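Naming: A, B, ... by sequence-line order, numbering from 1 per chain. Below, all heavy atoms of this structure are taken into account, side chains as well, without hydrogens, waters or symmetry copies. As the structure is a prediction and not an experimental result, all values here were calculated from the model.
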Amino acid sequence: MKDVAEQLQILRRGVEQIVPEAEFLKKLERSVREGRPLRVKYGIDPTGIDVHLGHTVPLRKLRQFQDLGHTAVIIIGNYTALVGDPSGRDETRARLTKEQVDANACDYLAQVGKIIDLDRAEVHHNGDWFSKWSFLDVLDLTRRMTLGQISAREDFAKRIADEKPVYLHECLYPLMQGWDSVEIRADVELGGTEQLFSLLVARDLQQSQGQEPQIAMTMPILVGTDGVRRMGKSLGNYIGVGEAPENQFGKMMSVPDEPMRQYFTLLTELPMTEVDRLLAPGVNPRDAKEVLGKSIVAQYHGEAAAARAAGEFRRRAAGEDPDEIPTVPLDRSKLDPEGRIPAFVLLKELGLESSTSNARRVVDGGGMTIDVDRRSIADPKERIAVADGLIVRVGKRKIVRVKIVGSPA
RNA sequence: GGGUGGAUACCCAAGCGGCCAAAGGGGCCAGACUGUAAAUCUGGUGGCACUGCCUUCGCAGGUUCGAAUCCUGCUCCACCCA
């Protein structure tokens, strides 16, 4: 095990707050002295399918703990997901069914496994304990907190001020999350800054159960690809860990310049001196972003795929077609006797546009080109002679090769 | 239980008898440009083989030549008082 100073240096990177810091030091020192790993908790609610880079911020921290010899304890919040975490939300979360949650939970682990070494980690579902609770148990838990404490939270306070609803079940969320820490005897819990309240609730609960309270370690909230709002599924500004290399890279490049430092700090291991050099004035931000994009794609798909995605992106930006063009079948019966089809119908049939109305607009706007010579189609009604292997493009990103199927007329 | 305010397209939000497929903003799509799927600017954004037709403004009825707009009932939501 590395000594305390070394561990701290690694663990402090990109961390917002360690509460209380002195206690953390003590725990760490004792851990090194006694050769006893810390139990580091991270909870994730299976509320959606996609694990995105925002989640990877604490997950990567958890991995660092693992690599330093500590124990990663992952809580799959299959019960808390039914409640919905109110943290940082200005409205109540939509309700999930138990079936959705279970299905998501399964999916989650596979994705989390891209970051955490699951063979060395403990995984718990909080339904394992909460599902056995009686109403009396719930009441017992609720007497640990007052309405004043709850409504002091910024997210609730804001909603109350805005005359938006705050439901009682949401108030239970931090208590449930806190109880998870009791169940697994957490030494440290990781979370976003908005989680601080919930992370601290656990301390009270643990103490009430005669346990040593956990340390709260909070990480900044990663901004999404819009560069403004937090990365989140519902905002559609996220990069999923399960996405294809090209998509991940492309989305990375679409992130504005400002949050690049945050991305480097939180999502890569690149030494900060190197980050400073890349972000220095005079260095083309595009190049820095490319390094960033490659580094992130490499984490999930390997160096080779990352390099390929970057190359592909450059080509695409230069207006060239990608290496691999997906093939889409087109039934011969859609064509007229001369083997032609109106442009707008073609786009609809190939699935490049969702409706013929939309297809017409796109063609009108000059967004459609065909063939290797990129002939632009301006009239939606122009009948396109479709040969097998014809390339059809809409904009820069939608590109398809036609495969004619069906028997000759 | 009483009161008040709501429900409009992907989201927010105007509209309050015809000029409404419905303002504006966001998002998204396309074009120009280039540092890129950034920024900026421009156009588009219900459906249909489309110079027209069809279906939308919580639901169901009604008034009217004509309803997102008026009336009745219903459903749902929020806030306030108790």
When you get a sec, tell me which of [options] is the closest nucleotide to the side chain of [X]?
{"X": "Pro342(A)", "options": "G35(B), A37(B), A49(B)", "answer": "A49(B)"}
{"X": "Ser357(A)", "options": "G35(B), C50(B), A37(B)", "answer": "C50(B)"}
{"X": "Pro285(A)", "options": "A37(B), G35(B), A38(B)", "answer": "G35(B)"}
{"X": "Met253(A)", "options": "U36(B), U34(B), A30(B)", "answer": "U36(B)"}

[X] side chain near [N] phosphate (N/O to OP1/OP2, under 4.0 Å):
{"X": "Arg286(A)", "N": "U36(B)", "answer": "yes"}
{"X": "Lys348(A)", "N": "C48(B)", "answer": "yes"}
{"X": "Ser254(A)", "N": "U36(B)", "answer": "no"}

Please tell me which of Pro256(A) and Phe344(A) maps to the more 5' nucleotide of RNA chain B, matching each residue to the nucleotide holding its nearest heavy atom.
->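 Result of the comparison: Pro256(A).
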
Which residue lies more 5' along RNA chain B, comparing Val394(A) with Arg360(A) via nearest heavy atoms = Val394(A)

Basic-acidic side-chain contact under 4.0 Å: Arg63(A), Asp117(A) =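 Not counted as a salt bridge, because no side-chain N and carboxylate O are separated by less than 4.0 Å.
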
When you check the gap from the basic side-chain N to the acidic O, do Arg229(A) and Asp226(A) get nearer than 4.0 Å?
-> yes

Donor-acceptor pair under 3.5 Å: do we get one between Ser355(A)'s side chain and the base of C48(B)?
-> no

Check if the side chain of Asp257(A) and the base of G35(B) share a donor-acceptor pair of N or O atoms closer than 3.5 Å.
->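 Answer yes: a donor N or O sits under 3.5 Å from an acceptor.
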
Expressed as a whole number of angstroms, how long is the span from [X]:[atom1] to [N]:[atom2]?
{"X": "Ile239(A)", "N": "A37(B)", "atom1": "CD1", "atom2": "P", "result": "15 Å"}
{"X": "Leu335(A)", "N": "A49(B)", "atom1": "CG", "atom2": "P", "result": "16 Å"}
{"X": "Asp226(A)", "N": "A38(B)", "atom1": "CG", "atom2": "P", "result": "12 Å"}
{"X": "Leu292(A)", "N": "A38(B)", "atom1": "CG", "atom2": "C1'", "result": "13 Å"}
{"X": "Glu320(A)", "N": "U36(B)", "atom1": "CD", "atom2": "P", "result": "13 Å"}
{"X": "Lys396(A)", "N": "A37(B)", "atom1": "NZ", "atom2": "P", "result": "5 Å"}
{"X": "Glu353(A)", "N": "C28(B)", "atom1": "CD", "atom2": "C1'", "result": "12 Å"}
{"X": "Phe313(A)", "N": "G35(B)", "atom1": "CZ", "atom2": "P", "result": "14 Å"}

Interatomic distance at [atom1], [N] relative to [M], whole Å:
{"N": "C11(B)", "M": "C59(B)", "atom1": "P", "result": "14 Å"}
{"N": "U72(B)", "M": "A78(B)", "atom1": "P", "result": "25 Å"}
{"N": "A68(B)", "M": "C20(B)", "atom1": "P", "result": "13 Å"}
{"N": "C70(B)", "M": "C16(B)", "atom1": "P", "result": "10 Å"}
{"N": "C33(B)", "M": "A22(B)", "atom1": "C1'", "result": "34 Å"}
{"N": "C48(B)", "M": "C10(B)", "atom1": "P", "result": "14 Å"}
{"N": "G44(B)", "M": "A37(B)", "atom1": "P", "result": "23 Å"}
{"N": "U4(B)", "M": "C50(B)", "atom1": "C1'", "result": "47 Å"}

May I ask you to decide if the ring planes of Tyr238(A) and His52(A) are parallel, tilted or perpendicular, using 30° and 60° as cut-offs?
->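 If you compare the ring of Tyr238(A) with that of His52(A), the planes turn out tilted.
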
Given side chains that start at C-beta, do those of Gln206(A) and Gln214(A) come closer than 4.5 Å, heavy atoms only?
->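 Yes; the side chains approach each other to less than 4.5 Å.
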
Does the side chain of Lys289(A) reach to within under 4.5 Å of the side chain of Met253(A), using non-hydrogen atoms?
->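 The answer is yes; the side chains approach within 4.5 Å.
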
Determine the contact category for [X]: base if any of its heavy atoms lies under 4.0 Å from a base atom, sugar-phosphate if only primed atoms, P, OP1 or OP2 are that close, otherwise nothing.
{"X": "Arg361(A)", "result": "sugar-phosphate"}
{"X": "Asn247(A)", "result": "base"}
{"X": "Lys289(A)", "result": "base"}
{"X": "Val255(A)", "result": "nothing"}
{"X": "Arg316(A)", "result": "nothing"}
{"X": "Glu246(A)", "result": "base"}
{"X": "Gly250(A)", "result": "base"}

Under a 3.5 Å threshold, yes or no: a donor from one side chain and an acceptor from the other, between [X] and [Y]?
{"X": "Asp180(A)", "Y": "Trp129(A)", "result": "yes"}
{"X": "Gln64(A)", "Y": "Gln7(A)", "result": "no"}
{"X": "Lys348(A)", "Y": "Ser355(A)", "result": "no"}

